[in-house]
Amino acid sequence: MIRYTKFELDWWPVMKKVFLSGFMSFCLGGCFGIDTPIMEEIYESYGGQRLIENVIINHVKCELRQGLEFALNDDLFLGYKVDWLRNYGAKVTLKITADEKASANPSITLKPRQFFNLGLGGSVSANATRAESLGFTYDFQALLKNQDLVSKCPNSDGFQINSNLKIAEFMRNKVFVARVPGTTYPNGSASPFNTFNYEATFVSSYGGSFTPTWTFTDILASGNPLLNSMRTKTHYLTITLGPAIPGTRTRPPILYPQAEDVHIASLIGQSVANAIASQQR
């Protein structure tokens, strides 16, 4: 007749319960990382991303127009004129990523003897990333056809990318350098810049963990969080200003090659930085 000790009878049902609860929590409660992420946050209605992107793009356009007006009409410093800015354009790239991660880490500690502990554990994890981007170029000559002055852009009172992006301030500061005699190009009628670039990154993240604990005579089921989940959403905005070729009915405006190259280099650097940051999160 086989005889089992109390420890041998108790530890296996408890271990099964710990691992099963971890697996079920991962599958049911932590859907992050299992499916393709949706772009909307949990507080946004499904399908609302298209409306959000439309608001962002129009907001960027408004701030570009505002900055153009400030730069051309700024008479606080009587220096060189900046009419060359009218022949410039702005290439804009908006990239949005949603990154979701989830992990389950069930573990137990067995205490079969007074001076001996045995730890058992396991883990399962999933990670999914979705990235979408769109790019377009504004011709400043076309923007200036609208004669309405922009005193304040709508949708500037929110947070992160839905706030004041300071694009007009960026343009005003850079053009001021060109207005000061002797600072850059000696002839104020020409542009002193080959190109200038603006980048902004907004990251929002939230997550949680679930850590149940069971204590028995010879068994402790706890330790690492049983379930971890994290969602990160990032908006990348890159704007490059440079001499532009006006668009036609069949072709959108484009920047000169040097400005296009600077924009591409910025996007590559941004992608590398994002990959490094994703590994560290």
Side-chain angles (χ1 to χ4, degrees), residues 30-67 89-102 125-138 143 153-171 196-208 228-241 252-255 259-281:
C31 294
F32 288 171
I34 298 176
D35 298 322
T36 301
I38 62 173
M39 300 305 290
E40 292 80 9
E41 301 290 16
I42 57 175
Y43 52 84
E44 298 171 345
S45 59
Y46 182 75
Q49 182 65 24
R50 69 193 76 171
L51 302 177
I52 296 172
E53 291 181 10
N54 184 68
V55 169
I56 294 173
I57 293 170
N58 278 283
H59 181 66
V60 171
K61 179 181 178 181
C62 179
E63 289 205 23
L64 282 170
R65 173 64 199 275
Q66 186 184 56
K91 188 175 184 65
V92 179
T93 297
L94 173 65
K95 182 177 180 180
I96 304 173
T97 66
D99 183 83
E100 295 180 350
K101 296 180 180 180
S125 63
N127 180 205
T129 301
R130 176 178 173 182
E132 298 181 358
S133 62
L134 66 161
F136 42 91
T137 302
Y138 288 117
L143 282 181
C153 293
N155 304 305
S156 296
D157 299 324
F159 60 95
Q160 292 207 323
I161 200 168
N162 293 313
S163 63
N164 183 355
L165 299 174
K166 308 292 193 302
I167 297 173
E169 177 183 305
F170 157 75
M171 294 177 61
F196 43 108
N197 188 260
Y198 168 98
E199 294 183 26
T201 301
F202 302 91
V203 182
S204 60
S205 61
Y206 57 87
N228 277 305
S229 60
M230 177 67 69
R231 173 180 167 89
T232 303
K233 189 172 183 180
T234 308
H235 292 87
Y236 302 94
L237 180 63
T238 303
I239 303 175
T240 302
L241 276 65
I254 58 174
L255 299 185
E260 291 280 354
D261 292 343
V262 169
H263 192 80
I264 293 173
S266 296
L267 296 180
I268 294 174
Q270 192 180 83
S271 297
V272 173
N274 179 45
I276 296 174
S278 179
Q279 293 295 323
Q280 295 176 344
R281 284 198 291 263

Legend entry - Heavy-atom donor-acceptor pair, E63 side chain to I167 backbone, under 3.5 Å: yes
Legend entry - Check against side chain to side chain contact (heavy atoms under 4.5 Å, CB included), L64 and M171: CA-CA 8 Å; L64 282 170; M171 294 177 61; 4.0 Å; yes
Inset, instruction - Apply side chain to side chain donor-acceptor pair (under 3.5 Å) to Q49 and list each qualifying residue two or more places apart in sequence or on a separate chain. - result: E53, K233
Legend entry - Nearest-0.5 Å distance, CD1 of residue I254 to NZ of residue K91: 9.0 Å
Inset, instruction - Starting at CG of L134, measure out to NZ of K95 and round the result to the nearest 0.5 Å. - result: 12.5 Å
Inset, instruction - Report the residues that fulfil side chain to side chain donor-acceptor pair (under 3.5 Å) with E199, sequence neighbours left out, ordered by chain and then residue number. - result: S266
Legend entry - Shortest non-hydrogen separation from P37 to A98 and the atoms involved: CG-O, 3.8 Å
Legend entry - Atom pair CZ/CG of F202 and L165 - distance to nearest 0.5 Å: 5.0 Å
Inset, instruction - Working to the nearest 0.5 Å, report the span between CD1 of I52 and CD of E40. - result: 6.5 Å
Legend entry - H235: partners by side chain to side chain donor-acceptor pair (under 3.5 Å), with sequence neighbours left out: none
Legend entry - Spacing of OH belonging to Y198 relative to CG belonging to L237, to within rounding of 0.5 Å: 6.0 Å
Legend entry - Least distance between heavy atoms, I96 atom then M39 atom: CG2-CE, 3.3 Å
Legend entry - Side chain E260, main chain L255, donor-acceptor under 3.5 Å: yes
Legend entry - Partner of N54 by side chain to side chain contact (heavy atoms under 4.5 Å, CB included), out of I57, N58, L51: N58
Inset, instruction - With side chain to side chain contact (heavy atoms under 4.5 Å, CB included) as the test, would you mind laying out the steps for L94 and V60 before giving the verdict? - result: CA-CA 10 Å; L94 173 65; V60 171; over 6 Å; no
Legend entry - Minimum heavy-atom distance between S163 and H59, given as atom pair plus value: O-NE2, 2.9 Å
Inset, instruction - Apply side chain to side chain contact (heavy atoms under 4.5 Å, CB included) to the pair R65 and C153, showing each step before the final yes or no. - result: CA-CA 10 Å; R65 173 64 199 275; C153 293; over 6 Å; no
Inset, instruction - Using atom types as modelled and distance alone, determine if a side-chain donor or acceptor of R130 lies under 3.5 Å from a backbone N or O of T36. - result: no
Legend entry - K61/L143 under side chain to side chain contact (heavy atoms under 4.5 Å, CB included): CA gap, chis, key distance, verdict: CA-CA 9 Å; K61 179 181 178 181; L143 282 181; 3.8 Å; yes
Inset, instruction - For Q270 and Y236, indicate whether the former's side chain and the latter's backbone hold a donor-acceptor pair under 3.5 Å. - result: no
Legend entry - Passing option when H263 is tested against I268, T137, I239, T240 for side chain to side chain contact (heavy atoms under 4.5 Å, CB included): T240
